[in-house]
> 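For reference, the structure I am asking about is given below.
FYI, the numbering just counts along the sequence from 1.
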Amino acid sequence: MKKAILSLLALPLLFACSSEDSEIAGNAGRVPLQIEFGDITRAALEGSTLPDNAQYGVFAASTTAPYNSLLENGENRRVTYSGGKSTFDQNVYIPEGKTAYVWAYYPYNSLMSRTVLSDGWTIDAQSQTDYLLSNSYQTATESSPTVRLSMRHLMSRIHITVKKAADNTTNYEYKEANLYNAYRYGRFFFTNTSMTLDNKTTITLHGYMTNGDSSLQDGKTIEFDFLVLPTTNTHVMTVELPNGSSVLSTSLPERRYVAGEQYNITLTINHLGELTAGEWTIVPWQTSTKSGLNVWKDDQTGEEEVTPTPTEEHEYVDLGLPSGTLWATCNIGAKVPEEAGNRYAWGETEVKESYSEANYKWMDGYYYTKYNSIETNGVLDNLTELELSDDAAYVNWGKSWQMPTNGNVEELVKHCTKELVYIGDAFGCRITGPNGKSIFLPTDPRSNNSMVGQYWTSSKPTHNYAYVIYFSEKYPLNSSGTSTGRFQGLLVRPVIRGVVITNN
């Protein structure tokens with residue numbers, strides 16, 4: 001394991017000092033780009049700053065087509081963190097009257113070039129380097145030269161524990177392990193935050209013990225860590241434990257690997273000397289004790305396996321749905337079911353006084369800066385579901401909650417009864433599940449039509465629309481995907497995280 005992953009939780013703002021003021025004046029008033037870091041996928045970091053002389057890379061490109069047109073000095077700029085400050089190796093100046101897209105990655109790699117924009121970034125799993133990278137482009141202008149980037153991990157982690165069965169009295173010692181049938185090369189595309197993989201190969205991923213003990217005597221265990229490329233499909237890898245001429249081998253259960261998640265598995269040597277594999281568990285990414293692989297704890301686990309504990313502050317209802325989805329009893333910002341609560345634009349997590357395309361977070365003029373599927377309309381990322389950092393339920397209520405998907409809504413339509421009713425002065429839709437329990441969705445009295453209810457889902461069919469829960473006097477609850485403009489301020493009714501329905 002080679003590169004150490006270091007904390008990026010709180011990179012400070014790059015304030016311009018007096019020397020920079022002089023430099024700006026000496027460059028015809030041009031304004032240099034500045035960066036601060038926001039959310040990091042690893043939330044429970046041990047330490048909040050980078051060590052002295054840590055370096056990360058930054059790219060800055062034009063917002064007008066072609067999007068791979070880099071700014072002056074905007075190609076793979078090296079930024080050094082030292083003495084509590086971040087310093088560009090060379091200033092990146094924002095074009096007069098224009099907007100720039102900016103992203104970053106860590107640790108710095110001098111071989112990164114402008115081709116990563118069009119051809120992708122080649123990742124070699126054999127290097128066992130776990131890069132952090134910005135979730136998406138952010139924009140910078142002369143009047144707002146500081147961009148705030150969020151970071152996430154690019155690789156998945158496999159943590160293997162080897163033990164003896166209770167009835168096995170043989171002594172064993174293994175200092176290394178080999179992982180076969182992994183994807184060796186991947187190509188990551190910044191423009192749509194996607195990874196494509198080469199064919200699986202028999203190239204060996206080689207790992208050394210990470211718990212400081214190679215002996216299985218006296219009930220001890222041996223642990224190994226591997227960083228692997230995330231996958232879109234499930235596949236099977238094989239583990240080998242070599243010891244001289246003797247080699248133990250077993251196949252790992254088939255599965256798909258997701259970036260930023262840790263997959264734990266225990267291998268057992270039985271009394272016959274055979275190596276067998278248990279089942280996968282997905283857990284927070286734990287800090288390794290090996291100095292060469294210093295990855296950090298996470299506050300998220302795999303959505304397909306997660307079984308979150310609802311927070312006590314917010315009540316929920318089990319409607320008896322086939323998926324087991326648990327719905328909150330109130331909207332975000334409401335104290336009782338009859339209150340409308342807060343309004344949010346789609347993909348925003350803060351309340352605003354007004355909602356328009358002009359003040360929408362993910363628009364810059366006529367162009368979309370995130371969640372866009374049409375190249376000529378902005379940054380192309382083809383994201384169709386909200387990332388958790390942009391989910392109003394997750395951010396405002398905590399990690400046990402999320403906005404429902406459109407699939408969650410279709411499940412209500414298919415399995416529940418719907419009735420438009422008044423509860424006191426509040427008009428809305430009562431939705432009753434198969435077990436007889438119900439939730440009440442009030443309309444928003446601040447809307448132009450208080451007899452129509454619209455609630456956001458986390459799903460998006462096109463670049464400028466998102467699916468909603470919709471009901472009116474004519475339609476008790478939408479039976480097909482209804483969508484509306486993303487910039488509008490709508491209500492949010494959260495669900496418990498852990499059950500993700502994309503189609504029903």
Side-chain angles (χ1 to χ4, degrees), residues 41-42 120-133 135 152-161 177-189 192-205 207 224-239 250-267 276-286 295 298-308 323-325 381-388 391 399 402 405-408 458-459 497-504:
T41 302
R42 312 278 164 235
W121 172 17
T122 300
I123 309 297
D124 185 353
Q126 280 193 304
S127 72
Q128 291 292 277
T129 301
D130 185 25
Y131 286 96
L132 291 169
L133 50 90
N135 278 333
R152 66 182 178 87
H153 276 257
L154 179 62
M155 307 289 278
S156 308
R157 184 181 183 213
I158 293 178
H159 181 79
I160 296 174
T161 300
N178 298 320
L179 192 62
Y180 290 95
N181 202 34
Y183 288 93
R184 176 176 180 179
Y185 291 114
R187 191 172 294 275
F188 181 82
F189 294 88
N192 59 11
T193 62
S194 66
M195 175 84 78
T196 60
L197 302 172
D198 287 357
N199 290 332
K200 295 189 293 292
T201 71
T202 56
I203 298 299
T204 306
L205 298 183
F224 301 94
D225 292 292
F226 295 92
L227 298 176
V228 301
L229 292 172
T231 59
T232 55
N233 299 313
T234 59
H235 72 285
V236 176
M237 291 188 287
T238 299
V239 173
T250 187
S251 296
L252 302 179
E254 182 182 46
R255 79 155 301 110
R256 179 175 67 92
Y257 302 95
V258 178
E261 293 181 350
Q262 174 174 317
Y263 300 88
N264 281 8
I265 195 164
T266 298
L267 309 182
T276 60
E279 297 298 323
W280 292 109
T281 59
I282 300 180
V283 299
W285 194 323
Q286 302 295 329
V295 292
D298 195 356
D299 69 338
Q300 301 176 28
T301 55
E303 290 187 355
E304 52 190 340
E305 270 82 11
V306 88
T307 306
S323 70
T325 300
D381 55 24
N382 290 318
L383 293 174
T384 59
E385 289 288 333
L386 281 178
E387 294 184 335
L388 289 176
D391 187 314
K399 63 183 181 181
Q402 68 181 48
T405 66
N406 189 57
N408 291 134
S458 62
S459 307
R497 284 188 66 216
V499 177
V500 178
I501 304 176
T502 55
N503 294 292
N504 196 43

> Between atom CD1 of Ile158 and atom CG of Leu252, what is the distance when rounded to the nearest 0.5 Å?
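Result: 6.5 Å between the selected atoms.
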> So, Gln128 side chain and Leu227 main chain: donor-acceptor pair closer than 3.5 Å or not?
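Such a contact is found between Gln128 side chain and Leu227 backbone.
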> Taking C-beta and beyond as the side chain, do Asp124 and Tyr185 meet within less than 4.5 Å on heavy atoms?
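SC-SC contact between Asp124 and Tyr185 confirmed.
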> Are Leu205 and Gln126 close enough that some pair of their side-chain heavy atoms sits under 4.5 Å apart?
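Leu205 vs Gln126: side chains touch.
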> Check the pair Tyr131, Phe188 against side chain to side chain contact (heavy atoms under 4.5 Å, CB included), reporting the backbone distance first and the verdict last.
CA-CA 11 Å; Tyr131 286 96; Phe188 181 82; over 6 Å; no
> If you round to the nearest 0.5 Å, how far is CD1 of Ile123 from CE of Met155?
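Separation between the atoms: 7.5 Å.
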> Could you tell me the separation between the CH2 atom of Trp280 and the CD1 atom of Ile282, rounded to the nearest 0.5 Å?
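CD1 of Ile282 is found 9.5 Å from CH2 of Trp280.
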> Test side chain to side chain contact (heavy atoms under 4.5 Å, CB included) on Phe224 and Leu179 and set out the steps.
CA-CA 10 Å; Phe224 301 94; Leu179 192 62; over 6 Å; no
> Rounded at 0.5 Å granularity, tell me how far OH in Tyr263 sits from CZ in Arg256.
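With rounding to 0.5 Å, OH (Tyr263) is 6.5 Å from CZ (Arg256).
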> Name all residues meeting the side-chain hydrogen bond (donor to acceptor under 3.5 Å, both in side chains) criterion together with Thr122; count only those two or more places apart in sequence or in a different chain, and write none if there are none.
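Here the qualifying residues are Arg187.
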> I need the minimum non-hydrogen distance between Ala259 and Pro230, along with the two atoms involved.
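Ala259 and Pro230 have their closest heavy atoms at N-CB, 3.6 Å.
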> To the nearest 0.5 Å, tell me how far Thr234 OG1 sits from Glu254 CD.
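The OG1 atom of Thr234 sits 3.5 Å away from the CD atom of Glu254.
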> OG1/Thr238 to CG/Asn178 distance, rounded to the nearest 0.5 angstrom?
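Thr238 OG1 to Asn178 CG: 11.0 Å, rounded to 0.5 Å.
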> Taking Thr231 for its side chain and Tyr257 for its backbone only, find out whether a donor-acceptor pair lies under 3.5 Å.
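Yes, the answer is positive, given that a donor and an acceptor are paired below the 3.5 Å cut-off.
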> Between Ala277 and Thr250, what is the shortest heavy-atom contact and its length?
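Closest approach of Ala277 to Thr250: N-OG1, 3.9 Å.
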> Can you see which heavy atom on Pro253 is nearest to which on Gly278, and at what distance?
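Closest heavy-atom pair between Pro253 and Gly278: CG-O, 3.3 Å.
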> Taking side-chain contact (heavy atoms from CB on, under 4.5 Å) as the definition, give me every residue that meets it alongside Thr266, ordered by chain and number, with sequence neighbours left out.
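Here the qualifying residues are Thr161, Lys163, Thr268.
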> Write down the atom of Asp391, the atom of Leu386, and the distance for their closest heavy-atom approach.
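Of all heavy-atom pairs spanning Asp391 and Leu386, the closest is CA-CD1, 4.2 Å.
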> Identify the two heavy atoms, one from Glu385 and one from Thr405, that lie closest to each other, and give their separation to 0.1 Å.
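Closest heavy-atom pair between Glu385 and Thr405: OE1-CG2, 3.8 Å.
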